[in-house]
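Here the structure comes first, spelled out in structure tokens, and everything after it is commentary.
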2 protein chains.
Amino acid sequence: MTTRRAAQRDRTRDDIKHIARQQMAEVGAAGLSLNAIARQMGVAVSGLYRYYDSRDALVTALIIDAFHAQAAAMQAGADAPPRNAYQARMMGAMWGYRSWAVAHPAEFALIYGSPIPGYVAPADQTRPAAARAMTVVYEVLNEAEAMGKLHAPADLPMPPKLLRETGVSLQVAYLGAVGWTRIHGHVTLEVFGHLDGLVTDLEAFYRAECATLMREGGLQPD
Amino acid sequence: MTTRRAAQRDRTRDDIKHIARQQMAEVGAAGLSLNAIARQMGVAVSGLYRYYDSRDALVTALIIDAFHAQAAAMQAGADAPPRNAYQARMMGAMWGYRSWAVAHPAEFALIYGSPIPGYVAPADQTRPAAARAMTVVYEVLNEAEAMGKLHAPADLPMPPKLLRETGVSLQVAYLGAVGWTRIHGHVTLEVFGHLDGLVTDLEAFYRAECATLMREGGLQPD
DNA sequence: CACTATAGTGAATGCTATACACATTTTAGC
DNA sequence: GCTAAAATGTGTATAGCATTCACTATAGTG
């Protein structure tokens, strides 16, 4: 129950992650090097293994952090407008998704880019973190739906397990999935630089797509 | 002007790329290893440098091939229906985009996933290859527009340079960009496994999104 | 047929992750 | 306050990686 040493330990683990994020920003997610981290920390590389079992374990920790960070950005965006301004809240969440991504391209690449060579994410740890983002959206949509402000066309069946476990309606699940794919398409192309020269004003373009999406979902302007 | 030796050389280069693609399918794009390729070819790794200046040079070649392969898949999809069945041709191109991606996930990751650590693509070589896919779409949309079958809302300015260089109209450029972001969002999430459990029937879901897109663009059923 | 350009080899360099044995420091129990 | 245990950190060793270079064997060309 001692916390003197445990606290120190946590601090070191955070230091490692912090430097790792820094390096990712420079050299990219897959270029993460324990040696480089140790060098910057002024410590022997073998010592890092006291804090993370392997490079993969560190990557997993970074992935989970990244999912949480993005979800937090979305939550903040969704919480800013008044409670009953559903469209503004949705817009806030979607804007948070993109803002976080363009501000943290390497961490975005880590969670949504190509999988790292030998690495396989331990689903039991990363899945819950990944689900948090969707939860933010579901929350807003649920409330809008309860107020009768949502009229999305859901002409396709959705996974029963998803509906059961999240408790959302068919239309909420459908709109969530459609919304995510659209939003994500723009964001991932923008972050990886594939929209350069194709679009004039990336922010305006994104906003327009979000507006279209909400119109389609029957979410009226507040 | 001899071609005896040159042909042999080209054949070997293709062999290398072939094995590289094979390995990418197993270990992922960033996990590509010259050593592993040489081992499988039963040759000394240093010998590979006679054919590609570096690992990056090989990667560049694979990227260009991948862009062309996907564009070819789209072209084939667009060419299958009758010339004046514009909606079917668009659908064919979009279906080709996704089909190629799910059939070649590693190569898809190579061109649209997170950038490889130290690697920077030589834009002068990869850009033209990357643009080919969009050209396929532009071609169909141009013809549909000329026939008065396209009514896309283009409420945003598009890059003048793009319009000038491709010769497409504002609405075609706009619909192309919107379409790509949507399509790509679904495909990239599907290929990287992020839609598992979120969507019941991935193909039906994709088709529905494509249909929505074309309806929005004013492309009538043929 | 003889010459030469090329293909291919093996060794060397300097990265990387990881494992292990050892030394040092810090904490906990008495 | 002292001692035993636990945790931290180091140095070394192994194995895999990309890349360079000097060298040899060979195949294509004139």
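Letters A, B, ... mirror the listed sequences (proteins, then strands); counts begin at 1. This is a predicted model, so every value here is computed, not measured.
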(request) Compare side-chain N and O positions of B/Y51 against OP1 and OP2 of C/dT6 and report whether any pair is under 4.0 Å apart. (result)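 Result: no.
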Report the distance from atom [atom1] of [X] to atom [atom2] of [N], rounded to the nearest whole Å.
| X | N | atom1 | atom2 | result |
| --- | --- | --- | --- | --- |
| A/I37 | C/dA17 | CD1 | C1' | 12 Å |
| B/R11 | C/dA7 | CZ | C1' | 14 Å |
| B/Q8 | D/dA27 | CD | P | 11 Å |
| A/L48 | C/dT18 | CG | P | 11 Å |
| B/M41 | C/dA7 | CE | P | 12 Å |
| A/R50 | D/dA6 | CZ | P | 14 Å |

(message) Walk along nucleotides 12-19 of chain D from 5' to 3' and tag each nucleotide B, S or - by protein heavy-atom contact under 4.0 Å, base first, then sugar-phosphate.
(response) -----BBB
(request) Using a heavy-atom cut-off of under 4.0 Å over every strand shown, decide if A/Y52 touches base, sugar-phosphate, or nothing. (result)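 Here A/Y52 touches no strand at all.
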(request) With sequence neighbours excluded, tell me which residues meet side-chain hydrogen bond (donor to acceptor under 3.5 Å, both in side chains) with A/R182. (result)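 Expected list: A/E216, B/E209.
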(request) Not counting sequence neighbours, which residues clear salt bridge (Lys or Arg N to Asp or Glu O under 4.0 Å) with B/E203? List them please. (result)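 Testing B/E203 for salt bridge (Lys or Arg N to Asp or Glu O under 4.0 Å), a comparison that skips the adjacent residues, returns B/R98.
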(request) Tell me, please, which residues at least two apart from A/E139 pass salt bridge (Lys or Arg N to Asp or Glu O under 4.0 Å). (result)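 Residues passing salt bridge (Lys or Arg N to Asp or Glu O under 4.0 Å) with A/E139: none at all.
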(message) Evaluate B/H104 against B/R21 for side chain to side chain contact (heavy atoms under 4.5 Å, CB included), listing each step before the verdict.
(response) CA-CA 9 Å; B/H104 305 89; B/R21 272 188 283 266; over 6 Å; no
(message) Can you list everything that forms a side-chain contact (heavy atoms from CB on, under 4.5 Å) with B/A130? Sequence neighbours excluded, please.
(response)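 B/A130 satisfies side-chain contact (heavy atoms from CB on, under 4.5 Å) with B/F67 only.
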Which atom pairs, donor and acceptor, lie under 3.5 Å between side-chain atoms of residues 164-171 of chain B and protein residues at least two apart or in another chain?
| unit_1 | atom_1 | unit_2 | atom_2 | d |
| --- | --- | --- | --- | --- |
| B/T166 | OG1 | B/L162 | O | 2.7 |
| B/T166 | OG1 | B/V168 | N | 3.4 |
| B/S169 | OG | B/E145 | OE1 | 3.2 |
| B/S169 | OG | B/E145 | OE2 | 2.6 |
| B/S169 | OG | B/V172 | N | 3.3 |
| B/Q171 | OE1 | B/A152 | N | 2.9 |
| B/Q171 | NE2 | B/E145 | OE2 | 2.9 |

